[in-house]
Number of protein chains: 2
Amino acid sequence: MNSEFHIAVHSLVFLAYLPSRMASSELLASNICTNPVRIRKVMNLLKTAGLVDVQKGTGGGYILRGNPRQITLGSIYRLTSAGSLVSDWRSGDPTMDCIVASQIGQVMSHIFEGAEEQFERHLDQYTIQDLLNQMQMNKRN
Amino acid sequence: MNSEFHIAVHSLVFLAYLPSRMASSELLASNICTNPVRIRKVMNLLKTAGLVDVQKGTGGGYILRGNPRQITLGSIYRLTSAGSLVSDWRSGDPTMDCIVASQIGQVMSHIFEGAEEQFERHLDQYTIQDLLNQMQMNKRN
DNA sequence: GCCAAATGTAACTGTTATGATTACATTTAC
DNA sequence: GTAAATGTAATCATAACAGTTACATTTGGC
């Protein structure tokens, strides 16, 4: 699993948590514990998808645009890491005579495509607001 | 996803396909399109799990032991690649003050553990015999 | 007993992927 | 005009991965 998915989710939860709903790449980087360049690359994806607005220049940064109750982890996964469940390595070779060696590639691909769909449905169960609520609940204990 | 999973599945399907149910690491490697050393490492796992027997020396190799109708891809996954769905990278830091940065690690871990369980259930739907049947069906068309 | 064939396993190499860092052009608020 | 922020390319270090070589060990057949 790509770490960009984690960065995107963390960023959105953090923006939803801030009253201003705005943070610079530097602030995000220090909260996520990575470097600002990675943040900017990931936030670019979220901008293209319309999840955040960008304000350049002094006092600028990234502003949460979407409704955190409607942004699912599945949609973020599809933006940042789609297909990462499927390994690129394949055994066998379609041109071989053996029915096992020639067909296992497509059989496994089919199985993994099903797993990928199921994985996305699993992630679709969670929204950014769900995660934030859970963290605020835990805080009270 | 670890390629050892693919190697293990391919090996077992191939052994189930052979009338003798036996093959050397060299034969398996040529059918799977990898090298014998990797085969032997993976087959060692299957031996420990009781899925294959090993015969050393001249004319030896690996012999399918379990019933291909009862060996699920899930059980193979648990042997070879358990936990590979979860990324090791974690954003944030449990020691930080921010409720997001300090808690996102465990929240994401929980979500991925659920996904891992679901993934295993998905793989448990398929047996080695299922895959072999499908390949023999396709062959006829 | 000897030899050939096979597994078990460690070590090394090359390639790729990943994340961090640096640098700099561009944009924008004041 | 300057400072602050993003956009993006380039580079570096590290780790992961697969392939390869080598060799000890085991075993079957003569």
Side-chain angles (χ1 to χ4, degrees), chain A residues 1-8 10-11 15 18 20-49 51-65 80-93, chain B residues 1-8 10-11 15 20-49 51-65 80-81 83-93:
Chain A
M1 169 63 53
N2 201 331
S3 66
E4 294 191 352
F5 172 71
H6 292 260
I7 291 175
H10 189 148
S11 294
L15 289 177
L18 294 176
S20 67
R21 295 196 155 189
M22 179 172 186
S24 68
S25 63
E26 194 167 356
L27 178 56
L28 285 166
S30 79
N31 193 265
I32 291 171
C33 298
T34 182
N35 62 83
V37 177
R38 299 203 71 203
I39 302 293
R40 296 200 280 264
K41 201 192 298 185
V42 173
M43 297 311 275
N44 240 340
L45 294 173
L46 303 186
K47 181 190 70 177
T48 303
L51 296 178
V52 297
D53 278 338
V54 181
Q55 195 166 344
K56 288 185 171 182
T58 307
Y62 301 94
I63 306 138
L64 180 62
R65 182 168 183 72
T80 59
S81 314
S84 72
L85 214 74
V86 185
S87 79
D88 44 356
W89 200 89
R90 281 285 176 282
S91 68
D93 179 348
Chain B
M1 170 62 55
N2 201 332
S3 66
E4 294 191 352
F5 172 70
H6 293 258
I7 292 174
H10 189 148
S11 294
L15 289 177
S20 67
R21 296 196 156 189
M22 180 171 185
S24 68
S25 64
E26 195 168 354
L27 177 58
L28 285 166
S30 79
N31 194 265
I32 291 172
C33 298
T34 182
N35 62 82
V37 176
R38 298 204 71 203
I39 302 292
R40 296 200 281 264
K41 202 193 297 186
V42 173
M43 296 311 275
N44 239 341
L45 295 173
L46 303 186
K47 181 190 69 174
T48 303
L51 296 178
V52 297
D53 277 338
V54 181
Q55 195 166 345
K56 287 187 173 183
T58 305
Y62 301 94
I63 306 139
L64 180 60
R65 182 168 183 71
T80 60
S81 315
S84 72
L85 215 75
V86 185
S87 79
D88 43 357
W89 200 89
R90 282 285 177 280
S91 68
D93 179 347

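Order of the sequence lines sets the chain letters (A, B, ...), proteins ahead of strands, with each chain counted from 1.
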**Prompt:** Quick one: side-chain contact (heavy atoms from CB on, under 4.5 Å) partners of B:Lys41, sequence neighbours excluded?
**Reply:** B:Glu4
**Whole angstrom value for the distance that separates P of C:dT22 from NZ of A:Lys41** = 16 Å
**Request:** To the nearest 0.5 angstrom, please state how far the OG atom of A:Ser91 sits from the CG atom of B:Leu28.
**Result:** 11.0 Å
**Asked** A:Arg21: what forms a side-chain contact (heavy atoms from CB on, under 4.5 Å) with it, not counting sequence neighbours?
**Response** A:Leu64, A:Pro68
**Request:** Could I get the full list of ring-ring contact (aromatic ring centres under 6.0 Å, His included) partners for B:His6, not counting sequence neighbours?
**Result:** A:Phe112
**Asked** So how far is it from B:Leu51 CG to B:Ile63 CD1, rounded to the nearest 0.5 Å?
**Response** 13.5 Å
**Message:** Go nucleotide by nucleotide along DNA chain C from the 5' end; which of A:Cys33 and B:Ala23 gets its closest nucleotide reached first?
**Reply:** B:Ala23
**Prompt:** Can you check the B:Glu26 CD to C:dA4 C1' distance for me, whole Å?
**Reply:** 14 Å
**Request:** Taking B:Asn35 for its side chain and B:Arg38 for its backbone only, find out whether a donor-acceptor pair lies under 3.5 Å.
**Result:** yes
**Asked** NZ of A:Lys56 versus P of C:dT27: gap in Å, rounded?
**Response** 6 Å
**Item:** Nucleotide-resolved protein contact map, nucleotides 11-18 of chain C, B/S/- at heavy-atom distance under 4.0 Å
**Value:** --------
**Message:** Without decimals, in angstroms, what is the distance between B:Leu27 CG and C:dA6 P?
**Reply:** 10 Å
**Prompt:** Got a sec, which residues hit salt bridge (charged side-chain N to carboxylate O under 4.0 Å, His left out) with A:Asp53, two or more places apart in sequence or on another chain?
**Reply:** A:Arg65
**Request:** Please report, rounded to the nearest Å, how far the C1' atom of C:dA5 is from the CE atom of B:Met22.
**Result:** 11 Å
**Prompt:** Which nucleotide span of DNA chain D, 5' end to 3' end, has atoms closer than 4.0 Å to non-hydrogen atoms of chain A?
**Reply:** D:dA3 to D:dA18
**Message:** Please report the interatomic distance OG(A:Ser84) to CG(B:Leu85), rounded to the nearest 0.5 Å.
**Reply:** 8.0 Å
**Asked** Once you round it to whole Å, what is the distance between P of C:dT21 and CZ of A:Arg40?
**Response** 13 Å
